[in-house]
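One structure is given here, and the rest of the page talks about it.
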Number of protein chains: 2
Amino acid sequence: MIQEIEDAYSFVFEKELLQEISEVGNLKTFDENDRIIEIGDHVTSMPLLLNGAIKILREDKEGDELLLYFLERGDTCAMTLSCCLGHTKSEIRAVAEMETSLVMIPIEKMEEWTSKYKSWRNFVFESYHSRLSEMLDTIDTIAFLNMDERLLKYLRDKAKINQNEIVQITHQQIAYDLHTSRVVISRLLKKLELKGKISLQRNSIQVIDL
Amino acid sequence: MIQEIEDAYSFVFEKELLQEISEVGNLKTFDENDRIIEIGDHVTSMPLLLNGAIKILREDKEGDELLLYFLERGDTCAMTLSCCLGHTKSEIRAVAEMETSLVMIPIEKMEEWTSKYKSWRNFVFESYHSRLSEMLDTIDTIAFLNMDERLLKYLRDKAKINQNEIVQITHQQIAYDLHTSRVVISRLLKKLELKGKISLQRNSIQVIDL
DNA sequence: TATCCTATGTAACCAATGTTACTGTACACG
DNA sequence: CGTGTACAGTAACATTGGTTACATAGGATA
């Protein structure tokens with residue numbers, strides 16, 4: 001296990017901390033679409049992403065979802081971090097975007113490491129910083145872009161995360177993530193195809209205009 | 001100056017830190033509608049709010065604005081904090097909502113205090129936590145609510161911040177904050193008035209349904 | 001092959017929001 | 001007291017996105 005942690009975090013943490021992580025950390029793996037954290041969950045440990053990718057979702061009272069952002073190798077969920085430190089329940093849902101492995105750090109270690117390791121402090125602050133930026137980006141997207149632009153951005157992000165210009169997904173699933181209806185997505189996808197930006201197949205979409 | 005700092009932060013920081021703050025902190029005051037931070041500004045100090053209120057705005061490429069949230073006494077701008085620590089430029093605009101006073105802390109002190117004072121660490125983490133929550137709330141609002149609901153929420157927030165059920169504002173200004181047009185706001189305000197939730201006067205709105 | 005299920009395409013219509021254009025009104029100021 | 005300017009009301013129309021309904025196609029399986 002130490003090897004995977006080193007691969008993903010050796011440029012971030014000092015040797016001693018890496019050692020501690022591999023001692024107290026709990027390795028977990030998830031398959032695609034597994035739910036990692038549920039809204040309202042009491043969070044007692046903090047995840048460090050080793051491999052794979054996670055999508056973070058928000059839900060309203062009616063149960064409608066909205067994709068907030070993706071997390072990749074080397075990221076942590078600042079939202080969860082925030083819950084840990086504030087001892088509050090999770091305000092978001094985390095779902096494995098693909099096969100994913102992560103180390104869970106018990107929250108007791110958090111404060112200890114915060115005073116002990118400067119690299120840990122920096123990591124925590126850096127995580128907050130990138131998450132706030134991601135949130136701003138999300139707000140820009142939903143506030144300033146039309147659905148067709150949001151859709152194209154979504155497909156590009158998805159292609160990037162999966163390192164594959166062919167995105168395996170149904171129109172219905174896109175509709176869930178963007179908080180709209182399947183018909184709207186089908187309609188806009190067709191328009192994007194006519195403009196030459198994508199190519200449509202059953203169960204998959206090729207992003208041409210990356 | 002030490003007195004104002006004590007009034008606003010004595011329940012948060014230990015005596016010693018309060019003392020340091022009043023030594024190195026730079027007191028500044030702003031009038032209503034003064035711009036405190038501009039997008040792209042290089043941030044070299046971190047504000048602690050003593051009195052008044054600040055609104056935080058986002059802007060798109062076309063210069064259209066969107067209100068993110070308000071800050072009140074005892075708050076700090078986690079976004080600015082984040083910029084300080086990451087040595088990046090401001091991604092938001094901060095405008096005084098009323099007469100406002102704040103202490104500016106030079107960023108050099110940030111790291112020092114983070115290792116030295118536990119109360120400071122907690123304050124910083126707590127700030128990040130509340131800002132992430134605010135951002136989630138903002139996302140909920142723009143993603144899940146219709147314009148009439150957003151408008152009512154806006155007026156309630158505004159009334160709360162100003163501690164006055166009569167909000168002094170023009171339809172045009174509301175339109176800027178909610179990123180829509182004046183005509184739309186006038187139309188919806190009229191509907192809200194007919195429903196008995198508000199009462200309209202020139203340059204002001206009384207919020208009845210708080 | 002017949003059948004069934006899921007995914008997709010599309011028309012027709014509706015609701016919410018944005019735009020343009022014009023009107024009226026309060027208020028400041030010469 | 002007249003006039004200009006900012007603010008507000010509203011009609012008419014355009015556009016975007018959401019809904020309903022139905023048709024068709026791909027692919028799995030009996």
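Reminder, nothing fancy here: chain letters follow the sequence lines and each chain counts from 1.
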Heavy-atom donor-acceptor pair, A:Arg182 side-chain to D:dG18 base, under 3.5 Å: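 Side chain to base: no pair present.
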Which whole-number value in Å describes the distance from [X] [atom1] to [N] [atom2]?
| X | N | atom1 | atom2 | value |
| --- | --- | --- | --- | --- |
| B:Ile185 | D:dT10 | CD1 | P | 16 Å |
| A:Gln201 | D:dA25 | CD | C1' | 15 Å |
| A:Ile205 | C:dG9 | CD1 | C1' | 14 Å |
| B:Asn203 | C:dC27 | CG | P | 9 Å |
| B:Leu194 | D:dG9 | CG | P | 11 Å |
| A:Asp64 | D:dG18 | CG | C1' | 12 Å |
| B:Arg187 | C:dT19 | CZ | C1' | 9 Å |
| A:Leu200 | D:dG26 | CG | P | 14 Å |

Phosphate-side-chain proximity, A:Thr180 and D:dG18, N/O vs OP1/OP2 below 4.0 Å: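 For D:dG18, OP1/OP2 do have a side-chain N/O of A:Thr180 under 4.0 Å.
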Along DNA chain D (nearest heavy atom to each residue), the more 5'-positioned of B:Thr170 and A:Val184: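 With B:Thr170 and A:Val184 compared, the 5'-side residue is B:Thr170.
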Whichever of A:Arg202 and A:Lys190 has its nearest DNA chain C nucleotide further upstream toward 5':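 Result of the comparison: A:Arg202.
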Positive for ring pair (Phe, Tyr, Trp, His ring centres under 6.0 Å) with B:Trp120, one of B:Tyr9, B:Phe13, B:Phe125: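 When ring pair (Phe, Tyr, Trp, His ring centres under 6.0 Å) is applied between B:Trp120 and each of B:Tyr9, B:Phe13, B:Phe125, only B:Phe13 qualifies.
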Any donor-acceptor N/O pair, A:Arg73 side chain to A:Asp7 backbone, under 3.5 Å: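 Indeed, once roles are kept as given, a pair shorter than 3.5 Å links the two residues.
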Backbone N/O of B:Ser82 and side chain of A:His129: donor-acceptor pair under 3.5 Å: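 Yes, the answer is positive, given that a donor and an acceptor are paired below the 3.5 Å cut-off.
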Given D:dG27, C:dT20, D:dG18, the nucleotide with the shortest approach to the side chain of B:Val183: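 Looking only at heavy atoms from C-beta outward on B:Val183, the closest nucleotide is C:dT20.
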Six-ring centre of B:Tyr128, A:Arg131 cation under 6.0 angstrom, axis tolerance 45°: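 That pair does not qualify as a cation-pi contact.
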